[in-house]
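To start, the structure itself, in structure tokens.
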Amino acid sequence: MAPRAKAGTSSALRRRGSAIRNNASAQTASAGGSLASLARTILEEHLARGELTPGTEIALRVDQTLAQDATGTMAMMQFEGFGHDRIQVETAVVYVDHNILQIDFKNPDDHRFLQAMSAKYGAWFSRPGNGICHYVHCERFAAPGKTLVGADSHTTQSGSCAMIAIGAGGLDVAVCMAGHPFELPCPQIVGVHLENELNRPWIQAKDVILELLRRRGVRGGRGSIFEFFGPGVATLSYTERGTIANMIAELGATGAVFPSDEQTRLWLEEQGRGDNFIELETGGQGDFEEEEEIDLAALVPLVARPSSPGNVVPVEEIAGTELAQVCIGSSVNSSYEDLAVCGAALRGQRISDRLVSATATPGSRQILDQITRSGTYVDLLTAGVRMLEPACGPCVGMGQAPPSGSASLRTFNRNFPGRSGTADDQVYLCSPAVAAASMLSGAISDPRELSPVELPERPPARSEVVQKHILAPASEEEAAGIEIPRGPNIKPPPEQRELPDDLELRVLIVAPDDISTGDLSPDGATVMAYRSNVPAIAEFTFQHRDKEFPRRAREWGGGFIVAGHNYGQGSSREHAALAPAQLGVRAVIAKSFARIHRRNLIAQGVVPLLFKNEVDHDRAELGQSWRISGLQSIGQGADELETEIDGGETITLTHDLLPREREIVVAGGLIRYLREHQPAPA
Ligand code: MIC
């Protein structure tokens with residue numbers, strides 16, 4: 001049986017679809033009376049609680065969930081804690097794509113555990129080798145008009161299929177699998193008007209998202225869904241849209257939405273899922289809270305410099321920078337077209353002798369099959385590129401670390417310090433075209449200087465390549481008899497603890513702006529092998545910034561983290577909250593928080609507090625004793641908390657907790673809250 005998203009599109013979406021087909025006036029198209037933003041229509045259709053006022057608390061009904069192995073073991077164990085026999089959403093999928101190295105028992109034990117859990121509780125299961133969750137999800141499950149919540153920040157990629165696709169922590173996904181709606185602050189909708197067409201093949205979809213990052217930076221999308229409209233949208237293929245939707249996460253955004261149009265129909269038909277297609281147009285000028293304008297024809301090749309996806313410059317500015325490594329594919333830019341451009345540029349040539357290595361990673365088994373049949377695989381292979389299997393691989397530091405003190409150019413989505421596995425890495429992010437030109441020269445190069453190329457046509461997808469390898473859940477009768485094998489590295493999620501009214505603890509670290517979840521819970525094969533074992537992974541907290549952090553936290557009996565803006569940017573890994581909590585961190589005091597991590601802190605019972613006066617951040621020093629009083633009063637509506645530093649001066653802390661978040665925080669975390677207040681729906 002081929003996996004497919006179940007039909008069941010709601011009435012307003014159907015009306016929107018048929019209004020588009022009949023060319024009806026904008027006024028008749030949606031339940032709300034106007035053909036406004038598509039994101040808003042999908043949100044409206046899935047609204048379980050609240051009103052669509054940006055910044056207020058809403059809860060959405062969830063059609064689909066995804067988890068991957070690095071986040072999924074915790075998510076599945078947390079789901080188990082709710083006591084359901086089966087997962088309560090229409091489509092749940094578990095992918096193995098991150099920790100796929102099978103060096104010792106740890107990762108394979110996780111894989112076996114996830115395979116059995118999926119079969120028993122009703123999730124589709126994608127084995128290692130099938131590909132990266134956000135790519136395979138787009139191939140096999142994404143469906144226009146649906147909602148998807150995934151335990152991976154790049155779940156947003158499915159926004160290419162006119163979905164509201166949102167990254168979240170494992171516990172939030174577990175809660176959705178248990179049948180609860182997904183809670184979030186209502187996003188505002190930013191319309192991005194696209195004009196004209198990309199100058200392919202050397203200017204690519206990656207340059208569109210790098211342009212947005214150049215303009216807005218890594219905090220510039222917080223609290224927003226980006227909806228793409230205008231004549232340029234139809235010129236972008238489904239997978240080009242996927243590149244943009246994937247990296248919308250780098251702006252700190254909640255998601256991205258593209259229309260469901262002819263490109264979508266062609267894609268779904270090729271995947272054997274034509275019956276999932278409904279036409280859904282995006283909004284028009286004036287339908288959004290904010291608007292951006294991008295002239296696709298005016299874009300130039302862009303590169304993000306070390307060590308933030310927001311440090312974007314035109315390629316000319318850094319052309320000539322010597323490279324030790326170039327990597328294409330992996331978590332983004334691993335579509336057929338991405339690899340085909342590189343293959344065509346390298347055809348009959350050899351990668352530069354200056355490079356230590358060049359790699360290519362297809363996004364899925366389907367893409368691997370297509371590049372094999374089109375000749376791209378051989379073009380890359382004979383040029384000297386190392387062909388890697390379809391998995392996250394070097395993007396999460398699973399091999400291919402660059403040499404010390406050298407520059408590595410990658411088509412990936414993140415270049416946070418140390419993520420590559422080399423402490424003093426200098427990772428640049430670029431499009432496949434820039435990567436191909438640079439593979440040939442051994443230095444960052446402008447692809448517009450290459451000779452014209454001919455791209456091999458994409459061979460059609462073959463259902464036997466992936467569909468047959470995605471395992472269907474067991475029937476309910478069979479499921480009852482399935483035993484779950486747990487290896488010795490698989491430890492139950494830590495118990496959440498009560499929140500005291502007053503906390504007197506020491507400052508464990510004073511951290512700068514833009515701390516990523518990779519700083520908190522590092523990438524790479526060694527650390528990530530402990531994703532099922534919170535006590536063990538906690539020993540790596542802040543490993544790249546402050547090796548003594550775990551020891552100090554243990555000796556001081558826990559403490560506080562003080563940080564700057566955008567604390568917890570990047571990935572959805574809830575281990576970045578679970579690990580500090582394990583070490584006794586009860587609150588993080590920052591200038592601002594990244595969306596997913598803020599929610600993970602709340603869900604795991606760590607209080608995210610803000611400085612009332614940002615300058616008070618400068619008073620914080622390592623080892624100070626802070627007494628935060630009246631934490632329980634947050635539940636009764638208190639917004640300000642007096643905090644005494646070293647028994648002397650007082651500063652005021654505040655928070656931006658929404659009503660239910662207040663209750664979760666004072667309960668000591670989401671599991672405790674749900675146990676006390678809200679039995680899961682029958
Ligand atoms: C990432 O790109 O940072 C990751 C690795 O895919 C993470 C997931 C994880 O940490 O397991 C993400 O994006 O959420």
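Both ligands and their constituent atoms are indexed starting at 1 by order of listing.
In this structure, a donor-acceptor pair under 3.5 Å is absent between the side chains of Gln569 and Ser516. Side-chain polar atoms of Glu337 and Ser237 form no donor-acceptor pair below 3.5 angstrom.
Regarding atom 2 (O) of ligand 1, its nearest protein heavy-atom neighbour is Arg419 NH2, 2.9 Å. Ranking protein heavy atoms by distance to atom 13 (O) of ligand 1, first place goes to Ser153 OG, 2.5 Å. In terms of protein heavy atoms, atom 10 (O) of ligand 1 is closest to Arg573 NE, 2.7 Å. The nearest protein atom to atom 6 (O) of ligand 1, hydrogens excluded, is given as His98 NE2, 2.8 Å; this is a heavy-atom distance. For atom 3 (O) of ligand 1, the closest heavy atom belonging to the protein is Arg414 NH1, 2.7 Å. Atom 5 (C) of ligand 1 has its closest protein heavy atom at Val396 CG1, 3.0 Å. Regarding atom 11 (O) of ligand 1, its nearest protein heavy-atom neighbour is Arg531 NH1, 2.8 Å.
At a threshold of 4.0 Å, the pair Arg112-Asp109 counts as salt-bridged, since one of the basic side-chain nitrogens sits closer than that to a carboxylate oxygen. At a threshold of 4.0 Å, the pair Asp110-Arg531 does not count as salt-bridged, since none of the basic side-chain nitrogens sits closer than that to a carboxylate oxygen. Remark: Asp513 engages Arg219 in a salt bridge, criterion side-chain N to carboxylate O under 4.0 Å.
An N or O contact shorter than 3.5 Å links Ser571 to ligand 1 by distance. In terms of N/O distances under 3.5 Å, ligand 1 is approached by Gln68. No N or O atom of Thr71 sits closer than 3.5 Å to an N or O atom of ligand 1.
Every atom of ligand 1 with a heavy atom of Ala70 under 4.0 Å away is listed here by number and element: 11 (O). The atoms of ligand 1 that sit less than 4.0 Å from any heavy atom of Asp152 are 6 (O), 8 (C), 12 (C), 13 (O), 14 (O). With ligand atoms numbered from 1 in the order given, ligand 1 contributes 12 (C), 14 (O) to contacts under 4.0 Å with heavy atoms of Ser572.
Residue contacts with ligand 1 for Met74 are absent, since no atom lies close enough (heavy atoms, distance under 4.0 Å).
Note that the CD atom of Gln426 and the OG atom of Ser406 stand 7.0 Å from one another [nearest 0.5 Å].
Dense packing is recorded around CZ of Arg365, with more than 12 heavy atoms of other residues, nucleotides or ligands lying under 6.0 Å away.
Of all non-hydrogen atoms in Arg573 and Arg419, the two that sit nearest each other are NH2-NH1, 3.8 Å.
Using cut-offs of 30° and 60° on the angle between ring planes, the pair Phe540 and Tyr530 is parallel.
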